[in-house]
Engineer: 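The following block contains the structure, expressed as structure tokens.
In this chain, numbering begins with 1 at the start of the sequence shown.
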Amino acid sequence: MESFRLLLDGFATALTPVNLLYALAGVTLGTLVGVLPGIGPAMTVALLLPITFNVPPAGAFIMFAGIYYGGMYGGSTTSILLNTPGESSSMITALEGNKMARRGRAAQALATAAIGSFVAGTIATGLLVVAAPLVVDFAISFGPEDYFALAVLAFTAVSSVLSRSVVRGLASLGFGLVIGLVGIDEQTGQARLTLGVPQLLGGIEVVVVAVGLFALGEALYVASRLRHGEPEIIPVGRAFLGRSDWSRSWRPWLRGTALGFPFGALPGGGAEIPTFLSYSIERRLARGVAREEYGRGAIEGVAGPEAANNASAAGTLVPLLTLGLPTSATAAIMLAAFQQYGLQPGPQLFDHNPALVWGMIASLFLGNAMLLVLNLPLAPVWAKVLHIPRPYLYAGIVLFAALGVYALNASWVDLVVLYVLGLLGFAMRCFGLPIAPAVIGMILGPMAEIQLRRALAIGAGDAAVLVRSPIAAALLALSLLALLTPLVRALVRRLLARRAGSR
């Protein structure tokens, strides 16, 4: 009951006129940028991160919650109308949704995606209200060794799951850890990796890293692969669902929600696995007309994965808010937003800033309703955004990123660092290195270092202190499992391939 009382207080914060405007601005901006081709929720949040620098914390996070959900909504529009998923979790939506659109059912595809996102987001946010306090109560007992083990779990899980290879994921993580070392060591007072530049003594701003690696690097990568000629954009009328579409969609919405929320809360779980699982489950359960339509545009193949995608977004907020543990690329950018305000997500955040946390959670319910109102009648308007010429679009992203970063400190050093990190992000994309481990390493690296030093100090230098706690030992065991699982899978595949070849 305490959670629901705090949630009501959160609604009192979120329903003030100013915060309602921030929520509306967030969902509108998030949808607008999320609709643009090749731009997923992580890049949307990173690109818009600098514009909230002078906004009060409560308003800023209400706005970011809207941007986050808006980016998720907008990505489905691009996938359905342009067959261009903004991120890997939208691939399944593009698979069936674009085929629905080509059969003249773009309105129904957009409607089931929007309503499914609303249903999944609302249910999953309700689960967040119930789950968050339970995790906070558990996390209060954490010691320094437990927090260090938690950071190691985040490093290994994200590096192994969000990458095509463990080596590439760990290489990306290494880049992030090095970036996090720049500045003055808090314990010794020594300058590290500053190259004699005084402006780097305070470290590299998290906002600069997020915008450089995600927004600028992604923009350069996509722009370098632009094809000549305008993309084919399928026309769409007002999004709506007929009676048969409703009857075919509501079960996939609920099943997708049940899959998406727990996977979003797992370290390295993300939205990719539940969306693929949802698609395969719906395909197996399909009967009659639905079975015949798979591969040609089945509405169940859009409804289930979109619900799973949005439910995982709410699930991601559970470890982020309660433990300070980002489990996805977008969560890493959200963590950067917290650090921009000098806040560290975790159990103390719920005690010291309850109005901010519960106001943000309450705004998720409001943002979901706003997004449904924006997306159903305004689908043709969002479709027109896709007609922006690609060269202008990505040139605008580069310019907007530079202006936003320069506005932080009015420092030319920030601009130089931004473009260096942008080129690094571009190179990482070219060589297949994921960006998320680098950002997570940069953000969690300093925290992991501090907790490691504290634990070793408590244990008088004995490294065994890192596994004396049952929680730390369990988390480190999970880290080892996350690291070895992809290697074991690859080894099994090779053995099976050799046996098949020898027959």
Side-chain angles (χ1 to χ4, degrees), residues 1-10 61 64-65 68 120-158 161 257-271 273-274 310-328 330-332 334-335 337-339 343-365 440 443-444 447-448 451 469-479 481-482:
M1 293 300 294
E2 179 70 14
S3 300
F4 292 103
R5 185 187 66 78
L6 291 169
L7 180 62
L8 290 176
D9 293 340
F61 287 105
F64 268 120
Y68 186 12
T122 303
I123 295 174
T125 305
L127 294 174
L128 169 63
V129 172
V130 175
L134 299 177
V135 180
V136 166
D137 292 339
F138 171 68
I140 288 174
S141 61
F142 275 30
E145 66 279 7
D146 300 318
Y147 275 108
F148 172 71
L150 190 65
V152 172
L153 176 60
F155 294 153
T156 54
V158 174
V161 174
T257 304
L259 284 170
F261 183 81
F263 271 98
L266 292 173
I273 297 173
N310 281 268
S312 71
T316 295
L317 294 177
V318 175
L320 176 65
L321 294 176
T322 58
L323 302 173
L325 181 68
T327 60
S328 69
T330 314
M334 293 286 285
L335 182 57
F338 275 100
Q339 294 190 347
L343 301 170
Q344 180 60 45
Q348 293 185 347
L349 187 67
F350 281 77
D351 290 335
H352 298 162
N353 301 93
L356 186 151
V357 176
W358 289 101
M360 176 183 171
I361 294 174
S363 74
L364 295 176
F365 289 102
I440 291 175
I443 295 172
L444 291 184
M447 183 273 283
Q451 300 297 344
S469 164
I471 297 174
L475 291 174
L476 291 174
L478 287 173
S479 302
L481 183 64

Engineer: Can you tell me how far apart CG (Leu476) and CG (Leu481) are? Round to the nearest 0.5 Å.
Structural biologist: 12.5 Å
Engineer: Search all heavy atoms of Tyr68 against all heavy atoms of Thr316 and return the closest pair with its distance.
Structural biologist: OH-CB, 3.9 Å
Engineer: Kindly give the heavy-atom pair with the smallest separation between Ala149 and Ala472, and that separation in Å.
Structural biologist: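 That would be CB-O, 3.7 Å.
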Engineer: Over 60° means perpendicular and under 30° means parallel, so tell me whether Phe61 and Phe338 are parallel, tilted or perpendicular.
Structural biologist: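 Correct class here is parallel.
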Engineer: Taking atom CG of Leu323 and atom CG of Leu349, what is their separation to the nearest 0.5 Å?
Structural biologist: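 Separation between the atoms: 11.5 Å.
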Engineer: Of all heavy-atom pairs between Pro144 and Gln451, which one has the smallest distance, and what is that distance?
Structural biologist: CA-OE1, 3.3 Å
Engineer: Is the CD atom of Gln348 crowded by more than 12 outside heavy atoms at less than 6.0 Å?
Structural biologist: no
Engineer: Do you know which two heavy atoms are closest between Leu153 and Ser479, and how far apart they sit?
Structural biologist: CA-OG, 3.0 Å
Engineer: Work out which heavy atom in Val130 is nearest to a heavy atom in Pro133; give both atom names and the distance.
Structural biologist: O-CD, 3.5 Å
Engineer: Can you confirm whether Leu321 sits close enough to Val135 that some side-chain heavy atom of one is under 4.5 Å from a side-chain heavy atom of the other?
Structural biologist: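 No; the side chains remain at least 4.5 Å from each other.
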Engineer: Can you find a pair of side-chain heavy atoms, one from Phe365 and one from Thr125, that are under 4.5 Å apart?
Structural biologist: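 Counting from C-beta outward, Phe365 and Thr125 do come under 4.5 Å.
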Engineer: State the CG-CD1 distance between Leu356 and Ile361, to the nearest 0.5 angstrom.
Structural biologist: 10.0 Å
Engineer: Roughly how far apart are Met447 CE and Tyr147 OH, rounded to 0.5 Å?
Structural biologist: 8.0 Å
Engineer: Quick check against the 3.5 Å criterion: does Ser312 have a side-chain atom that pairs as donor or acceptor with the backbone of Gly260?
Structural biologist: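 Looks like no, no N/O pair under 3.5 Å.
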Engineer: Side-chain contact test, heavy atoms from C-beta onward, threshold under 4.5 Å: evaluate it for Phe261 versus Val318 and give yes or no.
Structural biologist: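 Phe261 vs Val318: side chains touch.
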Engineer: How many angstroms lie between CG in Leu127 and OG1 in Thr122, if you round to the nearest 0.5 Å?
Structural biologist: 11.0 Å
Engineer: With a 4.5 Å cut-off on side-chain heavy atoms, are Phe148 and Leu475 touching?
Structural biologist: no
Engineer: Report yes if the side chains of Leu317 and Met360 come closer than 4.5 Å at any heavy-atom pair, otherwise no.
Structural biologist: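 A side-chain contact exists here, since the closest heavy-atom pair is under 4.5 Å.
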Engineer: Ignoring hydrogens, what is the shortest heavy-atom contact between Leu444 and Phe155? Give both atom names and the distance.
Structural biologist: CB-CE2, 3.7 Å
